[in-house]
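Here's the structure we're looking at; comments come further down.
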Amino acid sequence: IAEVSISVQTKLLLAGDAEIGVANAPLLEPEHFRILDQQEEHFVLAAGISKDRFGMDEAPVTLDELHNVPVVLSRGCADLFLQACDARALQPDVLSICTTRTAALVWAQANRACAVVPKQPGTQGGMRYHPLIDPPLSVYRSLVIVRDRPLTKPAYNFLQFHHYLPADLM
């Protein structure tokens, strides 16, 4: 199990070096993959509590409110976030586009910037997560395998145990 960019994950899966992927960004070459499960994840603005300028209650934040706020983006959020800003003629103060969600959150935890990331269960302490609204933005986290490739017994057992094994693979 490793956290890697979607491009690296695509290469590992297609090369046969990995069998199961959890994609946190739009899939590259989606025609090669079979999606076994998918969950929508809405974008949030993660802020370290000591530098949170948006309030104590994790109130929603609009793109317009990010004017002059340094932000870092996780790679999976970057394109959609920047397109939404461009559509509104906004120029976000982007300090970095991080390879992973975890890397973006490190910036926020260190109070260097706010992080735009997909909301996931098990949030880290010392942070506030403000839903990004107007417009609401989201990506899908997908459990995938390579289409038409047989699974090894351990991969098969894992998917069966977690009830993700489709009937046609049983």
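Positions are given from 1 along the sequence.
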Open item on the list: If I take atom NZ from residue Lys11 and atom CD1 from residue Ile6, how far apart are they, to the nearest 0.5 angstrom?
Closed with: 12.0 Å

TODO: Could you pull out the closest heavy-atom pair between Cys114 and Val69, with the gap in Å?
DONE: SG-CG1, 4.0 Å

- [ ] Indicate if Val116 and Leu137 have the same hydrophobic cluster label, given that clusters are the connected sets of ILVMFWY residues with side-chain heavy-atom separations under 4.5 angstrom.
- [x] yes

Open item on the list: How close do Pro118 and Cys77 get, counting heavy atoms only, and between which atoms?
Closed with: CD-SG, 3.3 Å

Task: Asp93 CG to Leu66 CG distance, which is reported to the nearest 0.5 Å - done: 10.0 Å

TODO: Please lay out, stage by stage, how Leu90 and His67 fare under the test side chain to side chain contact (heavy atoms under 4.5 Å, CB included).
DONE: CA-CA 8 Å; Leu90 299 174; His67 182 69; over 6 Å; no

Open item on the list: Rounded at 0.5 Å granularity, tell me how far NE2 in His42 sits from CD1 in Ile133.
Closed with: 12.5 Å

Open item on the list: For the CZ atom of Phe81 and the CG atom of Leu132, what is their distance to the nearest 0.5 Å?
Closed with: 6.5 Å

Task: Side chain proximity check, Val94 to Ser96, heavy atoms < 4.5 angstrom - done: no

- [ ] Report yes if the side chains of Leu151 and Ile145 come closer than 4.5 Å at any heavy-atom pair, otherwise no.
- [x] yes

Open item on the list: With a 4.5 Å cut-off on side-chain heavy atoms, are Pro131 and Val61 touching?
Closed with: no

Open item on the list: Under 3.5 Å, is there a donor on one side chain and an acceptor on the other for Glu29 and Thr10?
Closed with: no

TODO: For residues Ala115 and Ala104, report the shortest heavy-atom separation together with the two atoms involved.
DONE: CB-O, 3.4 Å

Open item on the list: Looking at Thr99, is its backbone amide N or carbonyl O close enough to the side chain of Arg75 to form a donor-acceptor pair, meaning the two atoms are under 3.5 Å apart?
Closed with: no

Open item on the list: Counting only heavy atoms not in Asp17 (residues, nucleotides, ligands), do more than 12 fall under 6.0 Å from its CG?
Closed with: yes

Task: Within-4.5 Å side-chain heavy-atom neighbours: Val144 and Leu36 - done: no

Task: Side chain Glu19, main chain Thr152, donor-acceptor under 3.5 Å - done: yes

Open item on the list: Would you say CD of Glu40 has more than 12 non-hydrogen atoms from neighbouring residues, nucleotides or ligands within 6.0 angstrom?
Closed with: yes

TODO: Ignoring hydrogens and angles, tell me if any N or O in the side chain of His130 forms a donor-acceptor pair with the backbone of Leu45 under 3.5 Å.
DONE: no

- [ ] Give the intermediate values and the outcome of salt bridge (Lys or Arg N to Asp or Glu O under 4.0 Å) for residues Glu41 and Arg141.
- [x] CA-CA 7 Å; Glu41 295 180 335; Arg141 182 168 42 164; 2.7 Å; yes

TODO: Could you give me the CA-CA distance, side-chain angles and deciding distance for Tyr140 and Ile35, then say whether side chain to side chain contact (heavy atoms under 4.5 Å, CB included) is met?
DONE: CA-CA 11 Å; Tyr140 287 89; Ile35 297 172; over 6 Å; no

Task: Close side-chain approach of Leu143 and Ile20, heavy atoms under 4.5 Å - done: yes

Task: From CG (Leu13) to CZ (Arg147), nearest 0.5 Å - done: 13.0 Å

Task: Distance-minimising heavy-atom pair for Ser7 and Leu28 - done: CA-CD1, 3.5 Å

Open item on the list: So which atom in Ile97 and which in Ala78 form the shortest heavy-atom distance, rounded to 0.1 Å?
Closed with: CG2-CB, 3.8 Å

Open item on the list: I need the Cys85 SG to Leu73 CG distance, nearest 0.5 Å.
Closed with: 8.0 Å

Open item on the list: side chain to side chain contact (heavy atoms under 4.5 Å, CB included) for Leu95 and Arg112? Distances and angles first, verdict last.
Closed with: CA-CA 9 Å; Leu95 298 182; Arg112 300 283 184 218; 5.6 Å; no

Open item on the list: With a 4.5 Å cut-off on side-chain heavy atoms, are His32 and Leu14 touching?
Closed with: yes

TODO: Grab the two heavy atoms, one from Phe33 and one from Leu27, that are nearest each other, plus how far apart they are.
DONE: CB-CD1, 4.2 Å

Open item on the list: Under 6.0 Å from the ring centre and within 45 degrees of the ring axis: does the NZ or CZ of Lys119 meet both conditions for the six-membered ring of Tyr129?
Closed with: yes

